[in-house]
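First comes the structure, then the notes that go with it.
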Amino acid sequence: ELGDADREMADEALALHKHAIDSMTGLGEQGITENMGLVPSITLNETRLIENLTSLNSYAKSLGVKVAVENLKHAPSNDPDTLLNWVKQSDTFVTLDVGHAVSSPLVQSGKLTVEEIIEKFEDIAVGRCFCRQRRSLLGDNCSTEAPTLNCFTFGKSARHTAAQGFAKKISKKEALEIMKAAEKAG
């Protein structure tokens, strides 16, 4: 965990993430997605998280790799303001997983709406759900019937993924329609 409150563990995580970037360099991959707070038992230090994410991003940029941070259902990144803060301070990209967004505790409790998430961004792009594509290829189909074209990127991530052909730019209205369809499908 890049933001582990234990400095030694956070430094080890940063070294491992840099090694992952080294391993992918030259293989055609242009980006890597980071997930913060995957393990609830690990206490996060937000300052350390941003420092290490910034360091990782700088390292990745020097190798031509882009770093994105993804929202998670049960982690601090399920709050879009927290996620945007991390992204802005570390100069990384953002990936918004629709399934995680609509099932996050903030949305489920009514403290945040899907519309409020969408309204935070001007540039929006949508691509195929990588998680479900991967599971399908491995013979473990996802139980949801939600559309697979529902993995959003925002801001500079949206501009980049659309320019690279991984996603297509869409309007806020289209994004809301996709979110509603995904929410309805479960």
Side-chain angles (χ1 to χ4, degrees), residues 1-101 104-106 112 116-118 120-131 133-134 151-167 169:
E1 177 64 62
L2 290 174
D4 197 313
D6 179 327
R7 168 63 86 183
E8 189 176 309
M9 295 300 289
D11 289 347
E12 184 178 330
L14 178 60
L16 287 170
H17 286 258
K18 286 181 176 179
H19 179 70
I21 290 170
D22 288 338
S23 299
M24 65 186 274
T25 302
L27 298 176
E29 289 296 324
Q30 297 177 348
I32 187 167
T33 299
E34 296 291 329
N35 293 293
M36 309 299 158
L38 279 170
V39 182
S41 62
I42 296 176
T43 302
L44 291 181
N45 176 306
E46 189 169 23
T47 301
R48 184 164 299 128
L49 184 149
I50 292 167
E51 287 172 1
N52 282 349
L53 192 55
T54 301
S55 175
L56 182 67
N57 189 42
S58 177
Y59 183 75
K61 279 183 181 178
S62 74
L63 298 172
V65 175
K66 296 186 177 14
V67 175
V69 180
E70 181 180 23
N71 64 310
L72 295 175
K73 186 187 312 186
H74 298 290
S77 61
N78 72 14
D79 179 340
D81 292 325
T82 298
L83 181 63
L84 286 174
N85 178 47
W86 294 351
V87 166
K88 286 177 182 174
Q89 288 195 53
S90 63
D91 194 34
T92 54
F93 291 83
V94 63
T95 299
L96 182 75
D97 181 296
V98 174
H100 294 170
S104 78
L106 286 172
L112 181 70
E116 289 170 320
I117 295 171
I118 296 296
K120 290 183 180 288
F121 302 94
E122 290 305 315
D123 293 309
I124 305 170
V126 66
R128 300 230 173 263
C129 175
F130 170 78
C131 301
Q133 281 184 329
R134 180 180 177 276
C151 189
F152 290 103
T153 54
F154 296 94
K156 70 180 183 176
S157 296
R159 294 186 296 275
H160 173 74
T161 57
Q164 297 301 315
F166 301 129
K169 294 267 303 241

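Owing to the predicted nature of the structure, the values given are computational and were not obtained by experimental measurement. FYI, side chains are in, hydrogens and waters are out, and symmetry mates aren't considered; it's all heavy atoms of this structure.
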If you apply the rule side chain to side chain contact (heavy atoms under 4.5 Å, CB included), what do you find for Val126 with Thr153, and how did you get there? CA-CA 6 Å; Val126 66; Thr153 54; over 6 Å; no
Between Asn52, Val67, Thr92, which is the residue that forms a side-chain contact (heavy atoms from CB on, under 4.5 Å) with Glu34? Val67
Have a look at Phe154 and tell me which of Ile118, Asp123, Leu84 forms a side-chain contact (heavy atoms from CB on, under 4.5 Å) with it. Ile118
Do Arg7 and Asp11 sit within salt-bridge range, that is, some charged N less than 4.0 Å from a carboxylate O? yes
Would you call Asp4 and Arg48 a salt bridge, using N to O less than 4.0 angstrom? no
Once you round to the nearest 0.5 Å, how far does [atom1] of [X] lie from [atom2] of [Y]?
X	Y	atom1	atom2	answer
Ser55	Ile50	OG	CD1	13.5 Å
His19	Leu14	NE2	CG	13.5 Å
Leu2	Leu16	CG	CG	9.5 Å
Leu83	Asn85	CG	CG	9.5 Å
Asn45	Met9	CG	CE	14.5 Å

Which atoms form the tightest heavy-atom contact between Cys151 and Arg128, and what is the distance? CB-O, 3.7 Å
How close do Ala167 and Gly127 get, heavy atom to heavy atom, and via which atoms? CB-N, 3.9 Å
So, the side chain of Asn57 versus the backbone of Ser90: is there a donor-acceptor pair under 3.5 Å, distance only? yes
Any side-chain heavy atom of [X] sitting closer than 4.5 Å to one from [Y]?
X	Y	value
Asp6	Thr43	no
Thr54	Asp91	no
Leu53	Val69	yes
Met24	Ile32	yes
Glu46	Pro76	no

Please assess Val39 against Glu1 for the test side chain to side chain contact (heavy atoms under 4.5 Å, CB included), listing each intermediate value before the final yes or no. CA-CA 8 Å; Val39 182; Glu1 177 64 62; 5.8 Å; no
Are Tyr59 and Asp22 close enough, and set up right, to give a side chain to side chain contact (heavy atoms under 4.5 Å, CB included), and what steps lead you there? CA-CA 10 Å; Tyr59 183 75; Asp22 288 338; 2.3 Å; yes
Tell me, please, whether Phe93 has Lys66 positioned over its six-membered ring: NZ or CZ under 6.0 Å from the ring centre and within 45 degrees of its axis? no
